[in-house]
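The structure appears right after this line, and notes come after that.
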Amino acid sequence: MTTYHARPQPLAAVNSYKPTEKPLNFKETPAQSIYGSNVFSDTVMKARLPKPVYKALQKTIKKGEKLDPGVADVVASAMKDWAIEKGATHYAHVFYPLTGITAEKHDSFLTPDGAGGAVTEFTGSQLIQGEPDASSFPSGGIRATFEARGYTAWDVTSPAYILENANGTTLVIPTAFVSWTGEALDKKTPVLRSMQVLAKQATRVLKLFGHEDPGYIYATAGPEQEYFLIDRNFLFARPDLTLAGRTLFGAPSPKGQEFEDQYFGVIPERVLATMLEVERELYKLGVPVKTRHNEVAPSQYEIAPIYENANVATDHQQLVMITIKRVAEKYGLAALLHEKPFAGINGSGKHLNWSLGGDKVGNLLEPGDNPHDNAQFLVFTAAVIRAVHKYSGLLRVAIASAGNDHRLGANEAPPAILSIFLGDLLTDLFSQLEKGKLKGSKKKGTLTVGVDTLPPLPKDAGDRNRTSPFAFTGNKFEFRAVSSNQSIAGPLVVLNTIVAESLDYVATELEKATKGDPKKLNDAVQDLLQSIAKEHKAIIFNGNGYSEEWHKEAAKRGLPNYKNTVEALPHLLDKENVELLAKYGVLTERETHSRYEIYTERYCKEVNTESLLALNIAKTFILPAAYRYQGELASTAAAIKAAGVAADVSSLKAMVTLVGELESKIVDLEHAIGHKASGAIIEHAKHFRDSVIPAMLAVRVVADQLEAIIPDDLWPLPTYREMLFIR
């Protein structure tokens with residue numbers, strides 16, 4: 001029997017894995033002593049900058065005031081000295097192009113002195129502005145390939161930090177990335193614009209409630225990150241995982257997640273060692289990671305931070321993904337951040353916890369002990385409800401991707417229909433508001449466990465709902481439909497902007513009703529809340545988002561259901577969405593159109609890559625293995641017949657049938673890939689959705705059947721059983 005040797009090699013490597021580095025000494029260096037140690041933080045700035053410069057910088061960071069260019073040289077000098085003391089030889093402007101990944105350009109501090117030596121230089125102009133080539137980043141038609149000039153601009157509100165490497169360190173400066181024409185080519189610029197407009201409109205509302213100086217108001221975010229960890233040797237033996245981030249073939253493991261023994265289970269030792277080092281590296285960078293645990297699927301895990309300023313949280317989230325991947329390699333593991341690496345078991349999301357507030361006013365979505373008496377809380381919450389209902393289609397666009405199409409709507413993630421879970425307490429309050437009068441709110445209770453030695457436990461006024469895409473969770477909203485490898489910038493831009501529009505509406509209505517008389521505020525608020533409760537109650541749903549009944553009910557309520565990316569993305573260009581983004585200066589009409597082109601093209605590229613991979617693997621891995629086994633079955637049957645014994649050839653017949661089906665499906669896939677659509681980019685996307693993806697799935701169905709019958713020593717690809725359960 002012919003043996004295929006590629007698969008046993010990674011299996012042997014996994015079984016013989018040993019750590020290559022000494023364990024970190026956590027006792028000598030406690031975590032609290034290194035937290036923020038590599039950040040050019042407020043403490044560092046206060047110690048190193050002259051008082052006037054420090055105060056000027058703080059006005060920009062904490063009050064949103066314009067940056068005084070005159071302070072840049074002083075800040076650059078202090079930043080350079082601090083970085084060099086930490087071993088830095090280079091600085092890097094890090095930015096976030098519309099590829100969705102982190103990009104960086106490194107420049108040396110060293111400049112020849114003309115006498116055979118070198119001096120270190122870092123000026124204010126170098127801090128404020130860099131010039132990376134913009135021609136090779138997606139622009140959606142904003143820039144032609146020959147128009148190369150682009151600029152990175154220092155984002156003073158997100159702190160600079162030191163990135164460590166075994167051979168040195170680099171000063172990293174978060175920046176925005178714009179074209180020569182001033183148009184946004186990145187994820188950060190629209191986030192900053194949306195934060196600015198949200199602050200402006202929230203301040204208008206707060207002043208109506210008597211806050212003469214509410215301070216700077218900002219959105220907060222805390223994205224939970226789900227991910228898989230598998231042995232790297234399996235990654236190298238799977239071309240689909242290596243290039244597409246997910247398995248395009250794979251029969252189900254005899255055991256999956258049905259025993260429910262993975263969720264919050266004991267963390268495997270090698271995985272825990274990885275997590276500990278990931279957290280340690282993130283602590284140095286000031287990333288406020290708080291929670292780690294096993295997730296639902298085998299080999300799936302989660303890391304979650306405390307929420308913070310949304311712009312900083314966006315930068316930190318990129319660092320989290322980079323750090324998980326980098327540290328995992330040190331322990332012989334591969335981190336998979338794709339939304340659906342393995343079919344048939346849960347994929348990964350990134351639950352985006354969102355709120356807004358400020359240093360002076362606190363969290364504006366904090367209900368307090370008596371939420372029915374907290375008019376300010378009710379107004380801000382009502383504004384969010386109105387925003388999500390009015391722009392639910394735009395929110396759906398913000399989380400649309402080829403990868404997320406595999407996850408949304410499955411019994412593991414929220415449905416593609418946007419709705420809000422308020423819980424019993426708030427649902428009851430808004431029901432009362434709709435009727436015109438608040439009588440009170442449900443109180444938290446005490447949970448009696450029934451064991452004398454256990455203390456009574458405080459009980460929330462309502463349960464949680466894991467099927468809701470947008471849920472109120474105590475003092476914030478959790479946008480649960482964001483995908484695991486997605487930058488949170490897009491969802492944040494939409495959330496910030498639609499809530500800003502809603503707060504603009506609220507402020508305008510209250511200003512008209514009160515006409516500057518504070519005594520009229522209570523009645524005005526009552527009328528406004530009743531109006532919003534009546535008009536936007538359709539978006540509130542506390543039931544099972546997976547049920548067929550909900551899909552029918554949602555349609556009756558007029559809630560959009562864009563089931564896949566190709567359905568969703570064109571709605572970015574709906575007139576009301578384009579006008580909204582332009583009105584508040586978040587994205588110009590041209591910038592919005594550019595993003596539509598970029599994201600639609602990306603969908604096509606991702607599916608095209610997967611289809612070419614599926615074709616290659618089917619033809620060069622799976623079909624040869626099937627031929628080998630078919631040949632062995634035929635040889636065995638011939639030998640039995642030659643011996644004069646009647647042979648049972650049912651297995652051979654079944655194999656011949658499946659091999660024929662696989663050959664036929666491969667031809668169909670080749671045809672689907674070879675047939676190109678014409679016209680606008682959306683027509684190409686429809687072709688990939690309607691022709692290429694079904695052809696890929698048809699090949700997979702047959703291939704997975706073959707995996708179930710081809711002998712283990714002939715099967716070429718690491719299996720689900722191995723990848724998910726051998727750690």
Side-chain angles (χ1 to χ4, degrees), residues 60-61 63-66 95-98 100 153 155-158 174-178 182-205 216-223 307-318 352-358 364-365 380 383-384 386-388 390-399 470 476-477 479 482 486-507 572 576-596 599:
T60 301
I61 296 171
K63 296 184 178 181
E65 295 185 9
K66 286 187 177 181
F95 55 103
Y96 310 97
L98 294 169
D155 175 16
V156 67
T157 64
S158 187
T175 65
F177 180 46
V178 296
E183 291 164 301
L185 296 176
D186 67 340
K187 301 275 189 177
K188 177 182 278 285
T189 303
V191 170
L192 292 171
R193 292 171 179 173
S194 70
M195 297 273 286
Q196 183 172 282
V197 71
L198 180 66
K200 178 181 177 181
Q201 301 304 331
T203 299
R204 284 179 62 199
V205 176
Y216 185 59
I217 306 300
Y218 51 90
T220 58
Y307 56 95
E308 55 185 333
N309 177 294
N311 176 48
V312 177
T314 305
D315 292 355
H316 280 170
Q317 226 298 302
Q318 297 294 113
L352 177 58
N353 294 284
W354 181 93
S355 187
L356 73 164
L364 295 172
L365 295 181
F380 275 93
V384 176
R386 177 185 176 277
V388 174
K390 189 174 180 184
Y391 295 102
S392 61
L394 186 57
L395 268 181
R396 173 65 180 90
V397 170
I399 44 109
F470 201 86
K476 60 189 183 300
F477 283 94
F479 190 14
V482 183
Q486 176 182 11
S487 166
I488 63 171
L492 277 175
V493 167
V494 172
L495 266 175
N496 292 344
T497 307
I498 64 177
V499 174
E501 186 277 339
S502 214
L503 291 172
D504 184 357
Y505 167 81
V506 165
L572 177 59
E576 64 174 1
N577 294 333
V578 175
E579 289 178 350
L580 167 79
L581 295 166
K583 175 183 177 181
Y584 292 99
V586 175
L587 289 172
T588 66
E589 183 174 345
R590 200 161 92 124
E591 287 170 334
T592 300
H593 276 266
S594 75
R595 278 147 180 79
Y596 165 74
Y599 299 149

If you measure from [atom1] on [X] to [atom2] on [Y], what distance do you get to the nearest 0.5 Å?
| X | Y | atom1 | atom2 | result |
| --- | --- | --- | --- | --- |
| His316 | Asn309 | NE2 | CG | 9.5 Å |
| Leu365 | Thr220 | CG | OG1 | 8.0 Å |
| Lys187 | Ile488 | NZ | CD1 | 11.0 Å |
| Leu192 | Asn311 | CG | CG | 4.5 Å |
| Arg595 | Leu98 | CZ | CG | 4.5 Å |
| Leu394 | Leu580 | CG | CG | 6.5 Å |

Compare every heavy atom of [Y] with every heavy atom of [X], then report the nearest pair and how far apart it is.
| X | Y | result |
| --- | --- | --- |
| Ser158 | Val312 | CA-CG2, 4.2 Å |
| Tyr216 | Met195 | OH-O, 4.3 Å |
| Gln486 | Ala398 | NE2-O, 2.6 Å |
| Thr157 | Asp155 | OG1-OD1, 2.5 Å |
| Val586 | Arg193 | O-NH1, 2.9 Å |
| Ser194 | Leu492 | OG-O, 4.3 Å |

Inset, instruction - Report the residues that fulfil ring-ring contact (aromatic ring centres under 6.0 Å, His included) with Phe380, sequence neighbours left out, ordered by chain and then residue number. - result: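 Phe380 satisfies ring-ring contact (aromatic ring centres under 6.0 Å, His included) with no other residue.
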Inset, instruction - State which residues pass ring-ring contact (aromatic ring centres under 6.0 Å, His included) with Tyr218; sequence neighbours excluded, sorted by chain then number. - result: none
Between [X] (side chain) and [Y] (backbone), is there a donor-acceptor pair under 3.5 Å?
| X | Y | answer |
| --- | --- | --- |
| Arg396 | Ser392 | no |
| Glu501 | Tyr584 | no |
| Ser502 | Ile498 | no |
| Glu591 | Ala184 | yes |

Inset, instruction - Could you verify whether a donor N or O on one side chain and an acceptor N or O on the other, from Gln201 and Arg204, lie under 3.5 Å apart? - result: yes
Legend entry - Residue pair Val156, Ile61: steps toward the side chain to side chain contact (heavy atoms under 4.5 Å, CB included) verdict: CA-CA 7 Å; Val156 67; Ile61 296 171; 4.1 Å; yes
Is the shortest side-chain heavy-atom distance between [X] and [Y] below 4.5 Å?
| X | Y | answer |
| --- | --- | --- |
| Val197 | Asn496 | no |
| Leu198 | Leu503 | yes |
| Thr497 | Leu587 | no |
| Ser487 | Gln318 | yes |

Inset, instruction - Applying side-chain contact (heavy atoms from CB on, under 4.5 Å), name anything that partners Ala176, two or more places apart in sequence or on another chain. - result: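 Ala176 satisfies side-chain contact (heavy atoms from CB on, under 4.5 Å) with Asp186, Lys188, Thr189 only.
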Legend entry - Enclosure of Gln196 CD (heavy-atom neighbours >12, cutoff 6.0 Å): no
Legend entry - Other residues, nucleotides, ligands: >12 heavy atoms within 6.0 Å of Glu576 CD: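 Atom CD in Glu576 is crowded, with more than 12 foreign heavy atoms closer than 6.0 Å.
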Inset, instruction - List the steps and the verdict of side chain to side chain contact (heavy atoms under 4.5 Å, CB included) for Val493 and Val191. - result: CA-CA 5 Å; Val493 167; Val191 170; 3.7 Å; yes
Legend entry - Name of the residue among Tyr391, Phe479, Trp354 meeting ring pair (Phe, Tyr, Trp, His ring centres under 6.0 Å) with Phe470: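 The ring pair (Phe, Tyr, Trp, His ring centres under 6.0 Å) with Phe470 is passed solely by Phe479 among Tyr391, Phe479, Trp354.
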